[in-house]
Amino acid sequence: MERIENRIARITALAIHDLYNCEEKQENIQVQSTRKDQNGDYTVVTFPLTRVSKKKPEETGMEIGDYLRAHLPEISGFEVIKGFLNLTLSDQFWVGFFEGIADATHYGHKMVTIDSPVVVVEYSSPNTNKPLHLGHIRNNLLGFAVSRIIAASGNDVKMVNLVNDRGIHICKSMLAWQKWGNGITPESSGMKGDKLVGEFYIRFDKEYKIELKELISNGLTEEKAKVEAPIIRKAQEMLLKWENNDPETIELWTRMNNWVYAGFEKTYRQLGVSFDKFYYESETYKLGKDLVTTGLDSGVLFRKEDGSAWADLTADGLDQKLLLRSDGTSVYMTQDLGTAHQRYQEFAFDRHIYVVGNEQDYHFKVLKLVLKKLGFSWADKLYHLSYGMVELPHGRMKSREGTVVDADDLITEMIDTARKVSLELGKLEGFPPEEKEMVNYRIALGALKYYILKVDPQKTMMFNPEESIDFNGNTGPFIQYTCVRIRSVERKAAESGITGVINLSQVQELDPSEHDLLKRIYQYPDILEEAGRSLSPALLANYFYELVKEYNHFYQFCPIVKEPDQAKRNFRLALSRFIANHIEDGMGLLGIDIPDRM
RNA sequence: GGCCCUGUAGUUCAAUGGAUAGAACGGAAGUUUCCUAAACUUUAAAUGUAGGUUCGAUUCCUACCGGGGCUACCA
């Protein structure tokens, strides 16, 4: 069915034709939701139309208003204020709209079919030498939520993770473990595997610094010391061994990486994120060389005297970019060229989204440009979802200063706080212990996820540990609570044998708060679509916050089960039930679960 | 130096070029014989500076000032 905003715009165009004998395109007519503080549902902005009406804005508004009322039965009245024509829709329209969607299970979603565009979303992409931290949390939550949102917008989504499991940094951890590990394992130490390996990475760095200091005090320059420190040389040797498939090295590498994966798996499960497919750099790092060779042959890339291969992007306002070192080995960019190519072969995607921080904006610009130069038209289908850094009250996270917020620690802390608050409020008294834990977990994660996702992805965000644990105001638990309270009302209603079956003809008049809710819900398909188009879960978060605020207002002033008028009672119950389902569905897109009671 | 992002109440966030710039936290004052008060109601408080485009600018353009990032034969 055609949306009412479009119908208003269409009929307004007709009005202009009939009244002023002038053609105005429907797209040029501005129809927007009326401000909260004005009477009306939708507003036609008539300022621009005075150009064709050759009359004052007020007069133009009146004339178009009369025309619209005569031609659109849904319009029950209008008001003109300056250049704004505020149209009021009848209660029948809103109730009729609600009747059509009341039983929808995934209201506003577009179904995925075999013809749906294929969208690959790469996110998370961790290093196996460091445990996940707050920055990864934003990445994971964004990647997951964006995937869900665009899936709900009718795309066939493939969530993929490219694990950085090789390279000199991994060798550092391995070397440190060999030297100082004394055979320690996650089992023997009781440590999470990723944490244990992370410790050895730090240990390497510490020893490296000691060696550097010594070398410099012996008269070496810093640059020289950095390459000549014995420990880094050892790590280089190990990398070479790894690349030559030395069995012992490969065995250790496999073992330690598996520790890390077990650790990551646990964190991913806690966060509730998942992937359709994992890629490993150890299997992809050689990709891309062929592409570079082809590019050299066709002359779009060039060699320098030392044999290194480059792309010249100066014509596009960028620099020259190295693609193969003089020794023929590849760099990170080379591999990304290769994996993009591989993915296109594999999925023939309509779009490929990389969820990666904005510190890599330049990298992705180059990636796209080089692929284009190589003649791949699908380069335009690549999109870098560039999100802002997460800052702490004292500035950026710096491992050197020990200000890195560990993902597992943060989750644990959130759950502890949820437990404490629940206890203080006495909310979970009488709940079985397992349910208590489940509720605290869901509240904690709901708070964390909402806190991060409500911010526009593009923006740098401030993470204040104390605020994030807040459960009041514009927070996840606030939304969860509203939904839970509706579920409770539903149970009460069921006990009293109230069904919530609505009968359109019996609903005479809407309460203002009921009207606001229906109008809000009517907007949802547009919001969801826009969130998918702009890849912004924040839009959904804001929508549900507004909806929930309005619901709480309604709840305060409109009795549901206690309403004596049967038609009203049924309508309110049906509306409440719909909203609870709607919240649960929408929060699901953000990866937030709702407890049954809290 | 070059390139990119970003400046909104005390703080953290909103606002497809539209009306009197919205919330939340924090501050002040209220609401439980009534469906869960993790709620609701009332209240004070902000667009970095200067120009430009427009009927109309927080939004677009230019300059300046402030914050962040990138600019490796690292990944």
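Letters go in sequence order (proteins before strands), and every chain restarts at 1. These numbers come from a predicted model, not from an experiment.
Within the 4.0 Å cut-off from OP1 or OP2 of B:C35, not a single side-chain nitrogen or oxygen of A:Arg487 is found. Taking side-chain N and O atoms only, A:Gln458 has no distance below 4.0 Å to OP1 or OP2 of B:C5. Put simply, A:Arg325 has a side-chain N or O that comes within less than 4.0 Å of OP1 or OP2 on B:C74. A close approach under 4.0 Å does occur between a side-chain nitrogen or oxygen of A:Lys459 and OP1 or OP2 of B:G7. Dashed line: the shortest gap from a side-chain N or O of A:Asn542 to OP1 or OP2 of B:C13 is not under 4.0 Å. Considering only side-chain N and O atoms, A:Ser488 lies nowhere under 4.0 angstrom from the phosphate OP1 or OP2 of B:C35. At the phosphate of B:C40, OP1 or OP2 sits under 4.0 Å from a side-chain N or O atom of A:Asn552. A sub-4.0 Å separation between OP1 or OP2 of B:U36 and a side-chain N or O of A:Lys492 is present. Distances shown here put every side-chain N or O of A:His169 at or beyond 4.0 Å from the OP1 or OP2 atom of B:C74. Residue A:Arg35 places none of its side-chain N or O atoms closer than 4.0 Å to OP1 or OP2 of B:A21.
We find that CD of A:Glu281 is positioned 15 Å from P of B:C74, with the value rounded to whole Å. When rounded to the nearest whole Å, the span between OH of A:Tyr555 and P of B:A39 equals 13 Å.
Here the separation of B:C35 from B:A39, taken at their C1' atoms, is 13 Å to the nearest Å. The separation of B:U11 from B:G7, taken at their P atoms, amounts to 15 Å, rounded to a whole angstrom. Spacing of C1' atoms, B:A45 relative to B:U62, comes out at 32 Å, to the nearest Å.
A:Pro57 comes within 4.0 angstrom of no nucleic acid atom, judged by non-hydrogen atoms across all strands. Among the atoms of the strands shown, only primed sugar atoms or phosphate atoms (P, OP1, OP2) are found under 4.0 Å from some heavy atom of A:Asn164.
Comparing atom distances between the A:Gln38 side chain and each of B:C25, B:A19, B:C13 picks out B:A19 as nearest.
Taking the centre and axis of the six-membered ring of A:Tyr280, the NZ or CZ atom of A:Arg166 falls outside the cone set by 45° and 6.0 Å.
Judged as a side-chain hydrogen bond (donor to acceptor under 3.5 Å, both in side chains), and not counting sequence neighbours, A:Ser534 has no contacts.
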Task: Nucleotide pairing, RNA chain B (Watson-Crick or G-U, distances under 3.5 Å), in dot-bracket with [ ] and | - done: (((((((..((((....[...)))).(((((.......)))))....(((((..]....))))))))))))....
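For A:Thr43 and B:A19, a side-chain-to-base donor-acceptor distance below 3.5 Å is present, hydrogens and geometry of angles not being considered. Taking only distance into account, the side chain of A:Asn129 never meets the base of B:A75 through a donor-acceptor pair shorter than 3.5 Å.
Glycosidic conformation, B:U32: syn, with the torsion inside 90° of 0.
The nearest pair of heavy atoms linking A:Leu132 to A:Asp194 is N-OD2, 4.4 Å.
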